[in-house]
Amino acid sequence: MAPIPRLRSYEGPALLSYGFRPFFLLAALQAGLTILVWLPFVTGHLTVPTAFGPIDWHIHEMLFGYQAAAIAGFLLTAIPNWTGRLPVQGTPLLVLVLAWLAGRIAVSASAWIGWRLAMAVDALFLLLLAAAAAREILAGRNWRNLKVVVLVCLLLAANLAFHLEAGLTGGAEISRRFAIAVVLMLVLLIAGRIVPSFTRNWLAQRGAGRLPVPFAGFDKLVLAASAIALALWVALPDSPASGLVLGIAALLNLVRLARWAGDRCWRNPLLIILHVGYLFVPVGFALTAAASFGFVSTGAGLHAWTAGAFGTMTLAVMSRASLGHTGRPLVATAATQACYVLVVIGTVARICSALGHGPAALLHVAALSWSLAFLVFALAYWQVLTGARLGAKAPSVAQQA
């Protein structure tokens with residue numbers, strides 16, 4: 001049988017030839033620039049015409065702007081490999097990009113247009129993304145990955161709840177926790193697939209030794225315990241019961257990470273950063289558990305998850321996928337390694353700031369380090385994401401299998 005072509009006949013701009021290209025670039029720019037706007041916004045030196053308060057605007061745009069773009073880039077690239085179908089490109093991809101951009105404009109101008117209209121415009125992107133993912137997965141009969149579509153739908157529900165809660169009550173206290181929980185479950189699900197797989201492939205090429213444990217019943221236990229802990233935290237963040245289950249989830253996720261043999265791949269920056277990123281998951285569970293008992297501030301655990309796990313894993317996946325899918329060697333350049341170092345420094349500084357350790361300027365160090373990580377990525381990968389693929393044509397689905 002002739003191999004299935006990986007791409008349709010396409011002669012448009014390279015940026016619209018594959019989902020990871022525009023969305024990874026937009027995610028990086030959004031992550032870097034939003035933080036630079038938020039600092040003067042929260043201190044009163046800058047005004048953004050949004051119906052959200054400074055904290056809610058910051059959280060919303062990190063979750064439903066930057067993180068949603070990163071998720072879209074990953075899914076639009078992974079789903080063709082899961083299903084054997086052709087990727088979304090050209091005009092359909094442009095529609096998704098424009099829907100994402102319209103949402104960012106609507107949210108940041110919601111004080112002018114009203115929060116209800118902003119909600120409707122902003123919800124369109126995740127609705128279209130969920131529909132596109134569901135269509136491809138159903139058409140490819142790839143039933144086991146329908147859970148990813150469910151999580152995207154939950155993220156859409158969280159976005160709607162965020163707008164409604166903030167618009168009706170003045171703050172999005174519950175829905176922000178709901179959104180963080182949904183994104184974290186996506187991280188747990190996706191990391192459980194790619195981290196041990198990439199690590200095993202690399203270690204297997206280097207001879208005998210301990211390899212990552214494949215996905216098994218223990219991983220299902222971790223996912224279930226994490227989901228229960230997050231559900232309790234969303235509903236009862238200050239409850240001792242929530243703190244207890246969050247602590248159990250922290251321990252289980254730490255054991256899960258240890259089973260992936262990350263200590264054996266520290267010489268490979270593209271791999272070890274995946275393990276470092278996942279380490280912030282149990283750290284976040286542990287700090288959030290401590291916050292439930294009143295031992296630390298809630299911001300420490302939240303930023304371990306959002307800045308640490310989300311930010312680090314996003315950079316790790318974006319850099320690796322961008323290199324691999326454009327025909328470049330899977331080697332972390334100096335710029336790529338600088339991104340990794342900066343995002344970890346920014347996360348640690350932000351956690352310490354939330355814990356009350358260090359000078360007041362630590363918050364600015366955290367923000368600038370984290371912002372620089374993504375802006376350096378955007379600059380370093382601009383040509384990678386907007387230019388032509390190097391080498392031979394992209395491999396067919398049959399060849400990849």
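Source: prediction; values computed, not measured.
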Requested in this report: Assign the ring pair F293 / F295 to parallel, tilted or perpendicular, where the plane angle (0 to 90°) is split at 30° and 60°.
Outcome: parallel
Query - Heavy-atom side-chain contact between F74 and F20 under 4.5 Å - result: no
Query raised in the report: Are side-chain N/O atoms of D263 and H275 paired as donor and acceptor at under 3.5 Å?
Result: no
Report summary line: Sequence neighbours excluded, the answer for side-chain contact (heavy atoms from CB on, under 4.5 Å) partners of N201 is S197
**Report entry** Main-chain N/O of T288 paired to S292 side chain as donor or acceptor, under 3.5 Å
**Finding:** yes
Report summary line: CG (L368) and CD1 (I35) are apart, to the nearest 0.5 Å, by 10.0 Å
Query raised in the report: Which atom names give the shortest non-hydrogen contact between F41 and L46, and what distance separates them?
Result: CD1-O, 3.4 Å
**Report entry** Beyond-backbone contact of Y340 with S319, side-chain heavy atoms, under 4.5 angstrom
**Finding:** yes
Query raised in the report: Should the pair R320 and F198 be classed as cation-pi, given the thresholds of under 6.0 Å to the six-membered ring centre and 45° from the axis?
Result: yes
Query raised in the report: Would you say R21's side chain and L385's backbone share a donor-acceptor pair under 3.5 angstrom?
Result: yes
Report summary line: side chain to side chain contact (heavy atoms under 4.5 Å, CB included) test vs M313 passes for just one of V281, I190, V195, namely V195
Report task. Just do the side chain to side chain contact (heavy atoms under 4.5 Å, CB included) check on N159 and H60 with the steps written out, would you? Result -> CA-CA 8 Å; N159 192 15; H60 185 278; 2.8 Å; yes
**Report entry** Flag side-chain contact, heavy atom, 4.5 Å: F285 against L230
**Finding:** yes
Query raised in the report: When rounded to the nearest 0.5 angstrom, what distance separates CH2 in W202 from CG in L330?
Result: 12.5 Å
Query raised in the report: Could you state the interatomic distance from CG (L302) to CZ (R350), rounded to the nearest 0.5 Å?
Result: 9.5 Å
Query - Backbone N/O of P269 and side chain of Q337: donor-acceptor pair under 3.5 Å - result: no
Query - Exam field: side chain S369 to backbone L342, donor-acceptor pair closer than 3.5 Å - result: no
Query - Pairwise side-chain contact, D122 with R104, heavy-atom cut-off 4.5 Å (strictly under) - result: yes
Query raised in the report: For the residue pair A225 and V245, what are the closest heavy atoms and their distance?
Result: O-CG1, 4.3 Å
Report task. Return yes if a side-chain donor-acceptor contact under 3.5 Å exists between E61 and T34, otherwise no. Result -> no
Query raised in the report: Rounded to the nearest 0.5 Å, how far apart are CD1 of I79 and OG1 of T77?
Result: 9.5 Å
Requested in this report: Please step through side chain to side chain contact (heavy atoms under 4.5 Å, CB included) for the pair L146 and L138, ending with a clear verdict.
Outcome: CA-CA 8 Å; L146 278 174; L138 290 172; 4.0 Å; yes
Query raised in the report: Are the ring centres of F374 and Y66 closer than 6.0 Å?
Result: yes
Query - Test item: R264 side-chain N/O and R210 main-chain N/O as donor-acceptor pair under 3.5 Å - result: yes
Query raised in the report: Under 6.0 Å between ring centres, would you say that holds for H163 and F52?
Result: yes
Query - Side-chain donor-acceptor contact under 3.5 Å, S108 with T50 - result: no
Requested in this report: Report the residue from L257, L274, V344 that forms a side chain to side chain contact (heavy atoms under 4.5 Å, CB included) with L279.
Outcome: L257
Query raised in the report: Heavy-atom distance under 4.5 Å between the side chains of P80 and R85, does that happen here?
Result: no
Query raised in the report: Out of curiosity, L355 CG to L287 CG, how far, rounded to the nearest 0.5 Å?
Result: 6.0 Å
Query raised in the report: Is the distance between the ring centroids of W305 and F310 under 6.0 Å?
Result: no
Query raised in the report: Hey, are the side chains of R193 and N145 touching, using non-hydrogen atoms and a 4.5 Å cut-off?
Result: yes
Requested in this report: Might you point out which heavy atoms bring A123 and L160 nearest each other, and give the distance in Å?
Outcome: CB-CD2, 3.6 Å
**Report entry** Counterpart residues, side-chain hydrogen bond (donor to acceptor under 3.5 Å, both in side chains), relative to Y381 (two or more places apart)
**Finding:** T336
**Report entry** side chain to side chain donor-acceptor pair (under 3.5 Å) assessment of S175 paired with E165
**Finding:** CA-CA 7 Å; S175 50; E165 186 183 1; 2.7 Å; yes
Query raised in the report: Just by modelled atom types, is the A172 backbone N or O under 3.5 Å from a matching donor or acceptor in the R176 side chain?
Result: yes
**Report entry** Which atom of T199 lies closest to which atom of A261, heavy atoms considered
**Finding:** CG2-O, 4.1 Å
**Report entry** No-hydrogen, no-angle side-chain donor-acceptor test under 3.5 Å, N268 and R206
**Finding:** no
Query raised in the report: Do L101 and L26 have side-chain heavy atoms sitting under 4.5 Å apart?
Result: yes
Query raised in the report: With distance as the sole test, does S110 use its side chain to make a donor-acceptor pair with the main-chain N or O of V107 at under 3.5 Å?
Result: yes
Report task. For T326 and Y18, run side chain to side chain contact (heavy atoms under 4.5 Å, CB included): C-alpha distance rounded to whole Å, both residues' side-chain angles, the deciding distance at 0.1 Å, then the answer. Result -> CA-CA 10 Å; T326 58; Y18 225 125; over 6 Å; no
Query raised in the report: Are the side chains of K147 and V152 in touch, meaning some heavy atoms are under 4.5 Å apart?
Result: no
Query raised in the report: Going by atom types only, do Y278 and T312 share a side-chain donor-acceptor pair under 3.5 Å?
Result: no
Report summary line: CD of Q30 to CG of L25, rounded to nearest 0.5 Å, is 12.0 Å
Query - Ring-ring centroid check W100 F23, cutoff 6.0 Å - result: no
Query raised in the report: Given the rule in the side chain to side chain contact (heavy atoms under 4.5 Å, CB included) test, do L33 and L375 qualify, once you have shown the distances and angles that lead to the verdict?
Result: CA-CA 8 Å; L33 296 176; L375 293 179; 4.1 Å; yes
Report summary line: Shortest non-hydrogen pair, D56 vs F162, comes out as O-CZ, 3.5 Å
Report summary line: Correct closest heavy-atom pair for L128 and A99 would be CD1-CB, 4.0 Å
Requested in this report: Indicate whether any N or O donor in one side chain lies under 3.5 Å from an N or O acceptor in the other, for N253 and S226.
Outcome: yes
Report task. Determine whether more than 12 heavy atoms belonging to other residues, nucleotides or ligands lie under 6.0 Å from atom NZ of K220. Result -> no
Query raised in the report: Within the distance-only criterion (no hydrogens, no angle test), does the side chain of R256 pair as donor or acceptor with the backbone N or O of L188 below 3.5 angstrom?
Result: yes
Query raised in the report: Does L232 offer a backbone N or O that forms a donor-acceptor pair with the side chain of S242 under 3.5 Å?
Result: yes
